[in-house]
Amino acid sequence: MSLLIKGGEIVTGDEHFIGDIYCEHERITHIDRNIDAPPGAEVINASGKYVFPGFIDPHTHIYLPFMGAFSKDTYETGSKAALVGGTTTIFEMVCPSRSMSAAEGFALWNEQSAGKSACDYTYHMGVTKFDAESAEQLREIVKAGVSSFKIFLAYKGAFGIDDAELYQTLKLAKELGVIVTAHCENETLVAERQKELLAAGKAGPEQHHESRPPRVEAEGVHHLMTFAELTGAHVYIVHLSCDEALREALAARHRGVNVSIETLIQYLVLDKTDAERADFEGAKFVMSPPLRDKRNQEILWNGLRSGLVNTVATDHAPFDFKTQKPMGRDDFTKIPNGIPSLEDRVNLLFTHGVKTGRLDLHTFVNVASTNAAKIFGLFPRKGAIQIGADADLVIYDPEYRGMISATTQAMNVDYSAFEGWKIEGRPSVVTVRGEVAVRDGKFVGTIGRGKFLARATTHF
């Protein structure tokens, strides 16, 4: 199988030129001008379009047991949605409960993914408890190619770990050369505020924000930074949402803490008033940390533009509005968290970032692809257009005009948080290791083609 992409405007994190890309045996093997097509090669005319490296979502939940429900996507539906949106590699969070061992959780998530994904994938391994057995199992999971952990400083009694477990997890990560991704909130403050609000009869979706305001997230970041500083571990803050939390992270970075920062597309384009919509509509927009005051949006855009914020992810967690979100109709703490956006991230980032002048094309590629590949040990196999890189490519049509709707999306969920929103640009062709997976917004790829991506630790 060989593929020749001709005449596209090739854009990476640091290069921008017109050229042709030839791919064979799943890799990019030749980049030049006016490459002649070998016999049997598929030729795609990319004239007038951008050619980007495949996009990477470093934070998704395809399979997620949460609050008594299960997320709606499978690896089949989720990977299709990712590819239609231009994302060719996803990082799935393995989130075993505290009653489940790390090994059992790893096996369960492998069962969900094996042979079912159309795009490539890898994991962040959730550490939801830490003891001698966990440590030994985590060592084996790292040997299997998972070089990042995930911890929660929230969800007390479910996924959350205590301070002793946090310290030991970071020490092990430092020893093994593993990066630790972290959900940063203060679980005690959240739990106490939830009780107070419910006791006062304040039970609607709009109270979710009040139970975990910006200072609660900032305190979680501050807490993590102290432990990271004392252990020397490399940490990565997932879904940072607000100015207060960003300031804590940057202060620690200034002290020498090795911290990377992720924000979400939802925080860049939605705000807390969406979760305040009447008639329980606000439940569509409940996630943690919550959507924030609109003033935070430009702060986060500025952080991306300046390089202070490294990546844009989704925290994709699809729960149906009609059948699952109503679990919390009378108690906001029971609303399954998540705003599905795996399919929409790249187009929203291009429309509201590049088209508005907030981001240049290089920054767009870096925050949506290359930086994640570099942070998590996939570069230059992923996130790059260069000889030897995987032939994950997105031919992007900047002239396309369309609209987001739940009626046309590939995500297996019954609503869109961006219903009726206009987009300017979309992927016209998406390839996974040289095979065309999307044409003109339609999935045409192969279920099961996606591979698990084993990653080395920083010691190798």
Side-chain angles (χ1 to χ4, degrees), residues 56 58-60 89-98 100-110 113 120-153 159-184 221 223-238 249 252-253 255-262 310-311 313 371-383 451-460:
I56 299 169
H59 187 169
T60 71
T89 298
I90 58 174
F91 280 71
E92 167 82 340
M93 299 289 184
V94 176
C95 297
S97 68
R98 283 184 69 89
M100 184 182 294
S101 73
E104 289 170 335
F106 187 56
L108 175 58
W109 261 259
N110 276 324
S113 62
D120 287 351
Y121 62 95
T122 186
Y123 301 132
H124 301 302
M125 181 62 215
V127 181
T128 52
K129 63 180 177 181
F130 193 96
D131 51 27
E133 180 186 55
S134 300
E136 288 309 306
Q137 292 179 358
L138 289 169
R139 290 178 186 276
E140 294 304 310
I141 291 167
V142 171
K143 289 178 184 177
V146 178
S147 58
S148 49
F149 295 156
K150 169 67 182 293
I151 58 173
F152 292 87
L153 308 187
F159 298 136
I161 57 176
D162 64 29
D163 280 354
E165 292 170 315
L166 171 60
Y167 185 68
Q168 295 301 326
T169 299
L170 291 174
K171 281 184 64 178
L172 179 64
K174 174 64 175 177
E175 175 194 337
L176 298 179
V178 166
I179 185 170
V180 178
T181 72
H183 176 133
C184 295
V221 172
H223 196 71
L224 176 70
M225 293 302 97
T226 299
F227 279 69
E229 185 172 9
L230 292 174
T231 60
H234 181 185
V235 293
Y236 174 99
I237 300 169
V238 300
R253 186 182 283 172
R255 298 196 305 271
V257 175
N258 190 0
V259 55
S260 303
I261 301 169
E262 166 196 287
N310 305 100
T311 60
N371 287 349
K374 289 180 175 179
I375 291 168
F376 293 112
L378 289 176
F379 187 84
R381 180 180 178 184
K382 303 292 187 182
K451 290 182 178 179
F452 168 73
L453 302 171
R455 296 173 288 128
T457 66
T458 56
H459 288 177
F460 291 90

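Keep in mind that the numbers below use all heavy atoms, side chains included, and drop hydrogens, waters and symmetry copies.
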### Task
Quick one: closest heavy-atom pair of Cys184 and Leu224, and the distance?
SG-CD2, 3.6 Å
### Message
Once ring-ring contact (aromatic ring centres under 6.0 Å, His included) is applied, do any residues pair with Phe227, and if so which ones, sequence neighbours excluded?
### Response
His223
### Query
Is any side-chain heavy atom of Met100 closer than 4.5 Å to a side-chain heavy atom of Leu108?
yes
### Task
Applying ring-ring contact (aromatic ring centres under 6.0 Å, His included), name anything that partners Tyr236, two or more places apart in sequence or on another chain.
Phe376
### Message
With a 4.5 Å cut-off on side-chain heavy atoms, are Lys129 and Ile161 touching?
### Response
no
### Task
Quick one: closest heavy-atom pair of Gly145 and Phe452, and the distance?
O-CZ, 4.2 Å
### Summary
For Ile261 and Ala249, the nearest pair of non-hydrogen atoms, with its separation, is CD1-CB, 3.7 Å
### Query
To the nearest 0.5 Å, what is the distance between CD (Glu92) and NE2 (His59)?
9.5 Å
### Thr169 side chain reached by Leu138 side chain, heavy atoms, under 4.5 Å
no
### Task
Measure the shortest side-chain to side-chain distance between Val178 and Met125 over non-hydrogen atoms and say whether it is less than 4.5 angstrom.
no
### Task
Can you see which heavy atom on Ala103 is nearest to which on Gln137, and at what distance?
N-OE1, 2.9 Å
## Note on the structure
Which of Val127, Thr128, Leu153 passes side chain to side chain contact (heavy atoms under 4.5 Å, CB included) with Phe159? Answer is Thr128
### Message
Working note: Lys174 + Asn258, criterion side chain to side chain contact (heavy atoms under 4.5 Å, CB included); need CA distance, chi angles, decisive distance, verdict.
### Response
CA-CA 11 Å; Lys174 174 64 175 177; Asn258 190 0; over 6 Å; no
### Any donor-acceptor N/O pair, Asn371 side chain to Thr311 backbone, under 3.5 Å
no
### Query
Is any side-chain heavy atom of Thr181 less than 4.5 Å from a side-chain heavy atom of Glu262?
no
### Summary
On a heavy-atom basis, the closest approach of Phe149 and Val142 is CE2-CG2, 3.8 Å
### Task
Provide the closest heavy-atom pair for Ile56 versus Ala373 in the form atom of the first, atom of the second, distance.
CD1-CB, 3.7 Å
### Donor-acceptor pair, side chain of Arg455 and main chain of Leu378, under 3.5 angstrom
no
#### Entry: Side chain to side chain, His183 and Met93, heavy atoms closer than 4.5 Å
no
### Query
Does Arg139 reach the side chain of Glu175, with side-chain heavy atoms less than 4.5 Å apart?
yes
### Task
Using the six-membered ring wherever Trp is involved, compare the ring planes of His124 and Phe91 and label them parallel, tilted or perpendicular (cut-offs 30° and 60°).
parallel
### Any residue meeting side chain to side chain contact (heavy atoms under 4.5 Å, CB included) with Gln168, in chain and number order, not counting sequence neighbours
Phe130, Lys171
### Query
Does the side chain of His234 come within less than 4.5 Å of Ser260's, by heavy atoms?
yes
### Message
If only side-chain N and O atoms count, and only distance matters, is there a donor-acceptor pair under 3.5 Å linking Ser113 with Tyr123?
### Response
yes
### Query
Between CG of Asp120 and CG of Leu453, what distance do you get to the nearest 0.5 Å?
4.5 Å
### Task
State the CD1-CG distance between Ile151 and Leu170, to the nearest 0.5 angstrom.
5.5 Å
